[in-house]
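The structure appears right after this line, and notes come after that.
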Number of protein chains: 2
Amino acid sequence: MRMNGTGATKDRILDTAESLFMEHGFEATTLRALTSAAGVNLAAVNYHFGSKEELFEAVLTRRLDPMNQARVELLGRFEADASPRPLDSERILAALLIPALGLARDRERGGKDFLRLLGRAYADPAPFIRHFLSEQYRPMIVRFKAAFARALPQLPPKELSWRLHFIMGALSYTLAGTDALKLIAELAPNESADDEVLLRRLAPFLLAGLTAPLPPADTVARRREASPRALATVAARSAR
Amino acid sequence: MRMNGTGATKDRILDTAESLFMEHGFEATTLRALTSAAGVNLAAVNYHFGSKEELFEAVLTRRLDPMNQARVELLGRFEADASPRPLDSERILAALLIPALGLARDRERGGKDFLRLLGRAYADPAPFIRHFLSEQYRPMIVRFKAAFARALPQLPPKELSWRLHFIMGALSYTLAGTDALKLIAELAPNESADDEVLLRRLAPFLLAGLTAPLPPADTVARRREASPRALATVAARSAR
DNA sequence: GTATGATTCAAACATGCGTATGAATGGAAC
DNA sequence: GTTCCATTCATACGCATGTTTGAATCATAC
């Protein structure tokens with residue numbers, strides 16, 4: 001055993017890795033830059049974590065595991081409160097977003113960095129990252145999908161899967177954001193309240209998408225519903 | 001001048017790069033793997049493109065530029081058709097999605113690869129990539145934002161910016177997809193019709209989010225509107 | 001047919017990477 | 001105060017990377 005001054009080497013590595021992986025990505029972050037920024041020896045990463053990949057997984061697990069657990073717990077609590085009536089999709093969505101919001105807000109250091117890192121990990125093509133994330137998320141996703149299915153019985157399961165996919169996309173992209181914001185617009189200088197405001201704006205957007213009317217039934221649109229038909233119509237018309 | 005057999009070396013490099021960058025990302029794709037897969041000499045990349053980064057930009061420009069141009073042109077055509085009435089947001093959204101759909105469908109080879117590559121480039125932290133994409137997209141985004149602002153005059157500009165951000169997020173995440181699909185659910189074996197089906201499911205989702213009711217006005221929700229209030233309420237209640 | 005200039009090629013360059021090693025270090029246990 | 005063992009450290013290993021070089025190759029123009 002050992003009891004160092006304040007922060008154990010291991011934690012210092014995790015914190016620095018979280019920040020650097022977020023900023024530069026996994027591949028572009030070198031162990032030399034990482035250990036030098038953390039003020040530890042180069043060999044410390046391999047000593048404490050085994051390899052760079054295992055370090056990355058440790059960085060993710062440290063926060064992802066509690067966050068997804070909190071999501072499931074919150075969902076259970078909401079369901080108990082609403083019992084015996086089924087929980088409405090608005091609160092299910094809330095159970096999905098609130099722990100992410102809490103992570104962004106509560107931990108003064110690193111929390112927001114982590115969410116950006118997570119958003120980027122989502123899009124990373126490295127097989128070990130994709131596999132790891134998939135394993136980490138599966139139980140949570142299965143649980144929420146079942147809850148949404150109860151709340152939206154008229155929505156076909158396949159459609160629900162797609163919309164959950166879109167939701168996770170908008171969420172992770174948004175959390176990964178920062179520079180991307182500049183791409184869309186000049187969002188004024190009030191980036192202060194950011195994350196809370198962000199999720200309060202994201203929630204209605206996602207809820208509306210989740211409960212949107214169904215798309216046209218078949219490959220060629222037969223029905224004459226108002227809203228979702230036009231895209232197909234217009235697409236056909238624009239064929240040159 | 002030179003006229004090689006069939007495909008000039010330059011094009012062969014571009015095609016292979018598109019596929020490999022998509023599959024492994026920018027950093028993890030080595031010039032040796034790339035040139036060997038393309039059947040060209042290792043030095044050919046530096047000879048024709050100058051550097052790996054410039055090759056990446058060339059890969060992106062080759063398709064991104066025409067796609068965004070097509071988006072703007074299509075928007076203009078729709079606006080002319082609708083004149084003098086302002087174009088509804090549904091068709092504006094269609095002008096945004098259809099060229100992406102066309103790219104995924106028309107070019108038998110590479111089109112879909114490119115969209116996945118693009119979705120991944122969105123999330124890549126490399127500064128030169130972010131800067132490049134931002135420059136490539138700005139004119140198109142500005143144009144569409146103005147069109148949406150006309151179609152949705154009741155929506156505050158800042159709110160519109162956010163929702164455009166969410167839209168681009170769901171879109172790029174969806175286009176980058178494939179493996180991510182497995183994460184959400186077992187989408188059955190009919191991945192056949194994929195891309196067209198995908199966008200026809202995505203469009204109603206995005207349209208509903210875009211036209212969703214406004215979130216609560218202030219930091220603390222004052223009004224008693226039905227739908228978007230609950231998240232804030234519930235969040236406060238769940239504070240432990 | 002020879003000169004020209006663009007392209008291809010094999011080989012090397014310098015550098016940086018993740019990882020491994022073996023000696024130093026220092027607090028805890030006896 | 002000596003033993004012990006987890007940790008730290010400087011250093012080196014082996015290798016792969018992006019890039020450069022200078023000669024070989026080829027179609028074209030004269």
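Residue numbers start from 1 in every chain, and the chains themselves are labelled A, B, ... in the order their sequence lines are given, proteins ahead of strands.
- Distances shorter than 4.0 Å separate none of the side-chain N or O atoms of B/T30 from OP1 or OP2 on D/dA16.
- What separates CG of A/N46 from P of C/dA20 is a distance of 6 Å, to the nearest Å.
- At whole-Å resolution of the value, CG in B/N41 and P in D/dT21 are 16 Å apart.
- Between the side chain of B/R71 and the backbone N or O of B/L96 there is at least one donor-acceptor pair closer than 3.5 Å.
- Atom NZ in B/K52 sits roughly 15 Å away from atom C1' in C/dT15 (whole-Å rounding).
- For residues 31-52 of chain A, the set of pairs meeting the side-chain hydrogen bond (donor to acceptor under 3.5 Å, both in side chains) definition, not counting sequence neighbours, comprises A/S51-A/E54.
- Contact of A/R32 with C/dG18 (side chain to base): a donor-acceptor pair of N or O atoms is detected under 3.5 Å.
- The aromatic rings of B/F26 and B/F56 stand perpendicular to each other, their planes meeting at an angle above 60°, with 30° marking the opposite boundary.
- Proximity of A/V40 to A/L34: side-chain heavy atoms (C-beta onward) are nowhere separated by under 4.5 Å.
- With rounding to whole Å, B/L31 atom CG is found 17 Å from C/dA10 atom P.
- Counting any heavy atom pair closer than 4.0 Å across all strands shown, B/T35 reaches no nucleic acid atom.
- Taking only side-chain nitrogens and oxygens, B/H48 comes nearer than 4.0 Å to OP1 or OP2 of C/dT8.
- Rounded to an integer number of Å, the gap from B/L20 CG to D/dT17 P is 12 Å.
- To the nearest angstrom, C1' of D/dT17 lies 14 Å from CD of B/E53.
- Between B/E27 atom CD and C/dG18 atom C1' the separation is 15 Å, expressed in whole Å.
- A/T9 has a side-chain polar atom (N or O) that falls below the 4.0 Å cut-off from OP1 or OP2 of D/dT8.
- Distance, B/L42 CG to C/dT8 C1': 12 Å, rounded to whole Å.
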